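Below is one structure, written out as structure tokens, with a few remarks after it.
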Amino acid sequence: MNFLLSIAFVICWSSGFIGAKLGAGSASAVTILMWRFLPLAVILIVIATVSRTSWRDLAVRDVARQAMIGVLSQSGYLLTVYYAIQLGVSSGTTALIDGVQPLVAGALAGPLLRQYVSRKQWLGLCLGVSGVAIVTMADAAADTGAAWWAYLIPFLGMFSLVAATFLESRSRVRVAPAVSLTVHCATSAVIFTALAVSAGVAEPPAELSFWAAITWLVALSTFGGYGLYWLILRRSGVTKVNTLMFLMAPVTAVWGALMFGEPFGPHTAFGLAVGLAAVVIVHRGDTSSTRVHVRDTGEAARPAKYGA
């Protein structure tokens with residue numbers, strides 16, 4: 001079951017980079033993000049109003065915490081990704097920079113969460129970085145027309161998502177995924193609508209490609225990738241869920257080759273194999289430290305079940 005969830009997560013999360021490229025030619029980043037989240041937030045709020053079971057035991061501070069997680073994991077992360085691609089940074093390079101996230105999260109998991117990383121897992125983490133670097137090194141060095149500072153923007157998004165991951169992991173109150181998704185999407189809708197209106201780009205274009213990109217992003221990226229991210233995080237922990245990020249750059253490169261005719265050579269194939277090996281090594285790493293963590297911290301250390 002975890003294996004199938006991991007495959008679905010990698011595909012759905014990678015779809016976000018493809019969807020961002022689909023919409024980049026028809027509208028600005030904030031326009032796409034506004035119309036990605038505004039209708040979705042309205043639907044989720046209506047559902048939440050009808051079914052209040054999951055909201056009964058939540059305090060105001062719990063909802064505020066989820067709103068902050070939404071700001072970091074959706075608003076901050078997605079805005080940087082879309083903006084970088086709009087500036088000319090390729091989806092593969094953006095995925096590569098996001099691929100550094102597991103190493104950052106793995107280094108911080110010990111001192112912040114007491115989820116210490118074993119030697120085998122560190123080997124897998126370093127191997128994963130090598131894999132995504134192999135895939136996108138040529139693309140990152142190519143002249144894409146993007147300014148040098150544009151390549152720094154995805155790093156901001158990567159750190160934003162890492163911060164959201166640790167903020168969620170340190171929370172003692174486990175919020176139902178339906179509740180957290182509603183709060184996160186509502187927060188993002190408010191932020192992106194305010195940005196779009198202030199910039200004068202709130203009106204959506206009439207092109208069919210724009211709405212096709214919006215549908216793609218809502219179905220695959222939001223419900224699929226974003227939902228599975230938090231599910232796997234709670235079931236498997238920070239290190240394992242972030243290790244799957246190593247596969248995003250190779251998968252995005254394959255997807256881009258099939259969908260947009262982007263080049264796919266032996267470097268991409270080799271990088272994909274290295275990324276797969278990294279995931280296997282981390283997932284088979286020593287789990288003794290995790291067992292100690294559960295024994296020391298008791299109930300709070302147990303993964304929350306998916307659902308109310």
Side-chain angles (χ1 to χ4, degrees), residues 1-19 40 44 54 66 69-70 73-74 77-78 81 95 98-99 101-103 105-106 109 113 115 117-118 120-121 124-125 127-128 131-132 158 161-162 164-169 171 174-182 184-185 216-255 272-287 290-291 293-294 301-308:
M1 183 64 176
N2 288 336
F3 178 71
L4 294 177
L5 288 175
S6 298
I7 293 177
F9 167 65
V10 171
I11 294 175
C12 290
W13 193 276
S14 299
S15 72
F17 298 102
I18 303 299
L40 179 60
L44 291 175
S54 302
Q66 288 300 315
I69 293 173
S73 64
Q74 279 192 350
Y77 172 72
L78 291 175
V81 169
D98 283 341
Q101 179 192 350
L103 195 59
L113 300 179
Q115 295 181 6
V117 182
S118 68
K120 287 185 178 180
Q121 288 177 322
L125 292 171
L127 189 64
V132 293
M158 181 268 294
L161 186 57
V162 169
T165 301
F166 282 105
L167 184 61
E168 165 68 18
S169 298
S171 177
R174 293 304 181 186
V175 180
V179 174
S180 60
L181 182 63
T182 300
H184 297 177
C185 289
W216 174 292
L217 291 167
V218 171
L220 291 178
S221 303
T222 302
F223 283 113
Y226 192 71
L228 287 171
Y229 180 86
W230 297 111
L231 172 59
I232 297 175
L233 172 66
R234 294 179 180 184
R235 291 171 66 102
S236 304
V238 172
T239 301
K240 288 185 178 180
V241 70
N242 282 288
T243 303
L244 293 172
M245 290 292 183
F246 286 135
L247 299 179
M248 302 308 171
V251 170
T252 301
V254 173
W255 206 330
L272 178 59
V274 172
L276 287 171
V279 174
V280 171
I281 290 174
V282 171
H283 279 258
R284 291 185 177 181
D286 184 14
T287 59
T290 302
R291 289 195 296 268
H293 172 66
V294 173
R302 298 179 185 174
K305 293 182 179 179
Y306 191 76

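Computed from a predicted model, the values in this text were never measured in an experiment.
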Show the nearest heavy-atom pair for residues [X] and [Y], with the distance to one decimal.
{"X": "W216", "Y": "S15", "result": "NE1-O, 2.9 Å"}
{"X": "A277", "Y": "L127", "result": "CB-CD2, 4.0 Å"}
{"X": "C12", "Y": "L220", "result": "CB-O, 3.3 Å"}
{"X": "I69", "Y": "A164", "result": "O-CB, 3.9 Å"}

With rounding to the nearest 0.5 angstrom, report the CZ to CG distance, F166 to L161. 10.5 Å
From L247 CG over to S14 OG, what is the distance, rounded to the nearest 0.5 angstrom? 8.0 Å
If the condition is side-chain contact (heavy atoms from CB on, under 4.5 Å), which residues does I7 pass it with, not counting sequence neighbours? F3, I11
Once side-chain contact (heavy atoms from CB on, under 4.5 Å) is applied, do any residues pair with L40, and if so which ones, sequence neighbours excluded? L44, C185, V218, T222, F223
Going through the checks in order, is the side-chain contact (heavy atoms from CB on, under 4.5 Å) test met by V179 and Q66? CA-CA 9 Å; V179 174; Q66 288 300 315; 5.8 Å; no
Just say parallel, tilted or perpendicular for the rings of H184 and Y226, cut-offs at 30° and 60°. perpendicular
Applying side-chain contact (heavy atoms from CB on, under 4.5 Å) to L228 and L231, what does each step give before you reach the verdict? CA-CA 5 Å; L228 287 171; L231 172 59; 4.1 Å; yes
Residues which pass ring pair (Phe, Tyr, Trp, His ring centres under 6.0 Å) with Y77, listed by chain and number, not counting sequence neighbours: W13
